[in-house]
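Proteins come first, then strands; the chains are lettered A, B, ... in the order of their sequence lines, and each starts at number 1. Any value given below was found using the heavy atoms of this structure, including those in side chains, with hydrogens, waters and symmetry copies removed.
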Amino acid sequence: MNKKITKIITASILSLDTQDQSWAENLNIEVTQTKDLSHGDFSCNVAMRLSKILKLPPLDIAKKIINAIETTDGIEKIEVAPPGFINIFLTKSEKTQILKKILSKDDGFATEVQGSKGSILLEFVSSNPTGPLHVGHGRHAAFGDSLAKLLRKAGHKVETEYYINDAGRQIDILLVSILIKALNKIETKSDLPRACYQGEYLNPIADEMIKQSRDLLTPLLTKNFLKQDVSEDEEIDLAILSVKNTIGDEMFESLSSDICNITINTIKEDLKRFGVTFDHWYSERSMINSGLISNSINDLTKKNLLYKQEGALWLKTTNYNDDKDRVVLRDDGRSTYFASDIAYHADKKRRGYDQLINILGSDHHGYIGRLKAGLASLGFSPEDLEVVLVQFISLYRGKKKIQMSTRSGEFTPMSELYNEVGVDAARFFYVSKSQSQHLDFDLELAKQTNNENPVYYIQYAHARICRVLSQMTSQKISFEKEIAEKNLDKLTTKHEVELIAKLSGYPALIKQSANNKTVHTLANYLHELAQLFHSYYGAETFLIADKELRNARVLLIKAVQIILKNGLSIIGVSAPSKM
RNA sequence: GCGCCCGUAGCUCAACUGGAUAGAGCAUCAGCCUUCUAAGCUGAGGGUUAGAGGUUCGAGUCCUCUCGGGCGCGCCA
C-alpha cells in the first residue's frame with residue numbers, strides 16, 4: 001500500500017504544471033505510517049520539502065498535489081493538514097486486508113525470500129577462550145543472535161561465526177596459570193605471577209590436569225615463577241619460557257590446545273543454554289597452521305605495501321585512510337594480532353559472502369579503520385565490512401559499580417544471570433535497549449524484579465490468546481474463516497482499529513530494523529502490540545453470541561498471536577501457550 | 001593532548017534517521033476480579049530533552065562552543 005501511495009503522489013506531482021521539473025527526478029518521496037490515527041493511515045511530507053524549491057507555501061503545494069491525485073481503490077480520502085502534511089485515509093476494507101494476509105502467510109508473514117538481499121557473514125561474541133562468558137558478553141550474544149534472525153527474515157542469507165583466539169600469548173598465560181594452580185594443589189603453595197588468570201573457574205581444569213598429566217607436573221614443582229624485581233610482562237614471559245623449556249615446546253602446544261578445547265566447550269554449552277548457536281567456529285590456531293597468515297603477507301609483499309623498520313615489518317595502512325601504519329611481523333618474527341585479522345577477514349571474503357558484519361564492543365572502535373585498511377590493501381572493498389558497535393554495560397549492585405575482568409577473576413558470569421532470571425527475561429532485557437547506548441544494569445534489581453520484566457507482559461498476551469482459542473474448542477465453538485473474512489468491517493472499536501494499524505506496521509518495522517541493525521525497535525514494537533491487545537482484552541469479550549462479530553474478532557486476535565510469536569522468536573524468547 | 005560515543009520524567013530506557021501534543025516500564029497516588037488467566041485493565045501526578053548560540057516551514061535529532069560522563073590512541077590480545 002505504501003508503494004502504491006508513493007506512486008500516485010509521484011504521478012500527481014509530475015502532472016503539476018511547473019516550468020522546470022528537473023528537481024522531480026531525484027525527489028525521494030517518503031510515505032510513512034502515522035503515529036496518530038487522526039492524521040490518517042499514511043502521511044507524506046513532500047509538500048514541505050518542495051516549498052523551498054518551488055518558492056510556494058507548503059500548504060498550497062499540498063493542496064495542488066491532492067487536487068491532481070487520481071482517485072484510487074482503497075483510499076477513502078486525502079486531506080491536507082498544516083503546515084503541509086498530506087494525510088491519506090484508507091477505506092475500512094483496505095485496512096483489514098492485512099489480517100487475511102497475516103493468517104494465510106502465518107509465520108512467513110513479512111518475510112522476504114531468503115538470499116534475495118545477498119549473503120552476510122555475521123561475526124559476534126568471539127570472546128577469548130580464557131574463561132567463561134560474563135554478563136557483558138551476554139549483550140553481544142543476545143543481540144547478535146537476534147540480529148541474525150532479523151536479517152534472515154528481511155531476506156538476507158546469514159551465517160554466524162565465532163572467531164576463536166586460540167593462539168598467542170594469552171593462551172600461553174592461561175596454560176601457565178592452570179599449571180601453577182595445579183602445582184599449588186599438589187604441594188607448593190605460591191602466589192601466581194601478577195599477569196596470570198586468577199579465577200576460580202580454573203580450579204576444575206587444574207584438577208583435570210593433575211589427573212591426566214601428573215608426571216608432567218613433577219619436574220615443574222621445584223620451579224619458582226615469581227620474579228618481583230621485573231615488570232609484570234617480563235615475569236610472565238619468563239614463566240612461560242621456563243615451562244616450555246621444562247616440558248618441551250611440543251607438549252606445551254598440545255596442552256594449550258587441550259585447555260582451549262575445554263574452555264571453548266564451556267562457552268559453547270553456555271551459549272547453547274542461552275539459545276545462541278553458531279554456524280561456524282573458526283579457530284585462529286588452525287588458520288595459522290594452514291598458512292593463511294604467511295599467504296596474506298606474501299600477497300602484501302607482492303603489492304609492495306610492506307616495509308621494514310626497527311626490525312619489524314609494517315603495513316602501509318595509511319594508504320587506506322588509517323591514521324598510522326601497523327606492524328604485521330614483530331622484530332622476533334612472530335605475527336601480530338592485526339596480521340591474523342587481515343588474513344581472517346580476507347578469508348571470510350574469499351569464502352564468498354557479499355557482506356561481512358562484525359559486532360564489536362565499543363572499545364574496539366579504534367580498530368575499525370585499520371581492519372578496513374587491511375581488507376583494502378588485499379584488494380577487497382572496505383565497504384563490504386560493516387562494524388556494529390555495542391556499548392558497554394555498567395554493572396551495579398545497588399549503587400556500587402562492579403568492575404569486570406576475566407584475568408582477575410572478578411566478573412559475573414552470563415550463566416549466573418540467566419540461571420537466576422531465566423533465559424527469556426535475560427534475553428529480552430538485553431535486546432530491549434538500543435545497542436548504541438550505554439546500559440546501566442543493577443544486578444540485584446534484575447534478579448529481584450524478574451517478574452516485572454516486560455517480557456512477561458508480552459508472553460502473557462500470547463498466552464491469553466491461546467487461552468481464548470482453547471476455550472473456544474472446549475465450548476465447541478469453531479472458527480469459521482469465511483464468515484470472519486466477510487465481516488472484518490465490523491471491527492470498528494478504537495481498540496480494533498488501533499490493533500489493525502499496529503499489525504499493518506509490522507513488515508515496515510522488520511525492514512527498518514534490519515536496515516538499521518537494531519533489535520530494540522522490534523522489542524518495543526512487541527511491547528506496544530501487547531499493550532494494545534491487553535487493553536482490547538479488558539474492553540471487549542471475544543466469545544460472544546453474535547457469530548459474525550465473534551469470528552471477525554477471533555481472526556484479529558489470531559493475527560496478533562501470529563505476530564507476537566514471530567517477533568518473540570526473532571528475539572529468542574519463547575511464546576508460551578499458558579502462564 | 002588527539003579521536004570516537006553519549007547526556008531525555010525520581011530510576012532504567014523509547015522517539016520510525018529533520019515531522020504534527022517528546023512516549024513506555026519501574027516507583028508514587030486513586031479505582032477495577034461472580035463474567036475468555038489480575039503476570040491484567042482504567043485514571044492522576046511527574047519534562048526549559050545538560051547549558052548557550054546557529055541552520056529552516058519545523059530541531060531531542062543537524063552545525064559551533066561550554067559543562068559533565070564513557071571509551072580508544074602498543075612490535076597487548
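- Checked by distance alone, A:Asn45 brings no side-chain donor or acceptor within 3.5 Å of a matching partner on the base of B:rA20.
- Summarising the geometry, the separation between CG on A:Leu522 and P on B:rC13 is reported as 20 Å, rounded to the nearest angstrom.
- When rounded to the nearest whole Å, the span between CG of A:Asn524 and C1' of B:rU12 equals 13 Å.
- Taking atom CZ on A:Phe441 and atom C1' on B:rC11, their separation rounds to 15 Å, with Å as the unit.
- Residues passing the side chain to side chain donor-acceptor pair (under 3.5 Å) test with A:Tyr282 are A:Asp347, sequence neighbours excluded.
- Taking atom CG of A:Asn453 as the reference point, atom P of B:rC13 lies 14 Å away to the nearest angstrom.
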Name the pairs: protein N/O against N/O of nucleotides 56-59 of chain B, kept only if under 3.5 Å.
none

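- If you take atom C1' in B:rA59 and the same atom in B:rG53, they sit 14 Å apart, rounded to whole Å.
- At least one donor-acceptor pair closer than 3.5 Å links the side chain of A:His345 to the backbone N or O of A:Asp341.
- Protein atom OH of A:Tyr537 is 12 Å distant from nucleotide atom C1' of B:rA39, rounded to whole Å.
- Residue A:Ser394 is out of contact with every strand shown, counting any heavy-atom pair closer than 4.0 Å.
- A straight line from CG of A:Leu439 to P of B:rC26 spans 18 Å, rounded to a whole angstrom.
- Counting non-hydrogen atoms under 4.0 angstrom, A:Thr32 reaches nothing in the nucleic acid.
- The existence of a salt bridge linking A:Lys348 and A:Glu161 is excluded, since no basic side-chain nitrogen approaches an acidic carboxylate oxygen closer than 4.0 Å.
- By the 4.0 Å N-to-carboxylate-O rule, A:Glu79 lies close enough to A:Lys77 to be salt-bridged with it.
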Write down the protein N/O and nucleotide N/O pairs, taken from nucleotides 21-24 of chain B, whose separation is under 3.5 Å; answer none if there are no such pairs.
from	atom 1	to	atom 2	distance (Å)
B:rA24	O3'	A:Gln531	NE2	3.3

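- Remark: the separation of the C1' atoms in B:rA52 and B:rA9 is 23 Å, to the nearest Å.
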List, one per line, each side-chain donor-acceptor pair under 3.5 Å for residues 521-528 of chain A, sequence neighbours excluded.
from	atom 1	to	atom 2	distance (Å)
A:Thr521	OG1	A:Ser513	OG	2.8
A:Thr521	OG1	A:Thr518	OG1	2.9
A:Tyr525	OH	A:Lys502	O	2.7
A:Glu528	OE1	A:Lys502	NZ	2.6

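- Regarding the sugar-base torsion, B:rU17 falls in the syn class, its angle being within 90° of 0.
- Stacking between A:Tyr457 and the base of B:rG40 is absent under the criterion of ring centres within 5.5 Å and planes under 30 degrees.
- Here the side chain of A:Arg464 is nearest to one of B:rG40, B:rG19, B:rU42, namely B:rG40.
- Remark: A:Arg464 fails to qualify as a cation-pi partner of A:Phe533 under the 6.0 Å distance and 45° angle criteria applied to the six-membered ring.
- For the pair A:Lys316 and A:Tyr307, the cation does not sit on the ring face, since its NZ or CZ is not both under 6.0 Å from the ring centre and inside 45° of the axis.
- Among the atoms of the strands shown, base atoms are found under 4.0 Å from some heavy atom of A:Asn87.
- When the C1' atom is compared between B:rA77 and B:rG18, the two are found 42 Å apart, to the nearest whole Å.
- Sorted by first and then second residue, the salt bridge (Lys or Arg N to Asp or Glu O under 4.0 Å) pairs with a member in residues 424-441 of chain A read A:Asp145-A:Arg427; sequence neighbours excluded.
- Across B:rA27 and B:rU66, the matching P atoms stand 42 Å from one another, rounded to whole Å.
- When the P atom is used for both B:rC65 and B:rC57, the distance is 25 Å, rounded to whole Å.
- The side chain of A:Ser432 contributes no N or O atom lying less than 4.0 Å from OP1 or OP2 of B:rA14.
- A:Glu540 has its CD atom 14 Å from the C1' atom of B:rU35, to the nearest Å.
- Base contact: A:Ala463 has a heavy atom under 4.0 Å from a base atom.
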Ring pair (Phe, Tyr, Trp, His ring centres under 6.0 Å) evaluation trace for A:His137 with A:His134: CA-CA 5 Å; A:His137 299 123; A:His134 58 61; 3.9 Å; yes
Give each protein N/O atom lying under 3.5 Å from an N/O atom of nucleotides 5-10 of chain B, with the pair distance.
from	atom 1	to	atom 2	distance (Å)
B:rC5	O2'	A:Gln391	NE2	3.2

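- Across all strands, A:Glu232 comes closer than 4.0 Å to no nucleic acid atom at all (heavy-atom distances).
- A cation-pi contact links A:Arg407 to A:Tyr197, judged by a cut-off of 6.0 Å to the six-membered ring centre and 45° from its axis.
- In RNA chain B, runs of at least 3 consecutive Watson-Crick or G-U pairs, each pair with both distances below 3.5 Å, span B:1-7 with B:67-73, B:10-13 with B:23-26, B:28-32 with B:40-44, B:50-54 with B:62-66.
- Between A:Ala425 and A:Val455, the closest heavy-atom pair is CA-CG1, 3.8 Å.
- By the side chain to side chain donor-acceptor pair (under 3.5 Å) test, A:Asn87 is found to be paired with no residue, residues two or more places apart in sequence or in another chain being considered.
- When the C1' atom is used for both B:rC6 and B:rG46, the distance is 25 Å, rounded to whole Å.
- Salt bridge annotation for A:Lys511-A:Glu112: absent, with no cationic side-chain nitrogen under 4.0 angstrom from a carboxylate oxygen.
- Comparing the P positions of B:rC4 and B:rC62 gives an interatomic distance of 14 Å, to the nearest angstrom.
- Note on A:Lys35: a side-chain N or O is less than 4.0 Å away from OP1 or OP2 of B:rA20.
- For A:Asp323 and A:Arg326, the salt-bridge test passes: some basic side-chain N is under 4.0 Å from an acidic carboxylate O.
- For B:rC33, the glycosidic angle deviates from 0 by 90° or less, giving a syn base.
- Nearest-nucleotide assignment on RNA chain B puts the 5′-proximal partner with A:Ala81, out of A:Phe542 and A:Ala81.
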Can you check each nucleotide of nucleotides 72-77 of chain B against protein heavy atoms at under 4.0 Å and return B for base, S for sugar-phosphate only, - for none, in 5' to 3' order? SSSBSB
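- Ion pairing between a basic and an acidic side chain is recognised when a charged N comes within 4.0 Å of a carboxylate O; A:Arg285 and A:Glu253 show such pairing.
- Classification of A:Asp233 and A:Arg169 as a salt-bridged pair holds, one side-chain N sitting under 4.0 Å from a carboxylate O.
- Legend: salt bridge (Lys or Arg N to Asp or Glu O under 4.0 Å) pairs involving residues 516-525 of chain A, not counting sequence neighbours, sorted by first then second residue: A:Glu386-A:Lys517.
- Here A:Gln561 pairs with nothing under the side chain to side chain donor-acceptor pair (under 3.5 Å) rule; sequence neighbours left out.
- A straight line from CD1 of A:Ile368 to C1' of B:rG3 spans 12 Å, rounded to a whole angstrom.
- Separating the C1' atom of B:rC71 from that of B:rU64 is a span of 24 Å, rounded to the nearest Å.
- Remark: A:Ser231 engages A:Glu234 in a side chain to side chain donor-acceptor pair (under 3.5 Å) (not counting sequence neighbours).
- Here the nucleotide nearest the side chain of A:Thr521, chosen from B:rG40, B:rA20, B:rA15, is B:rA15.
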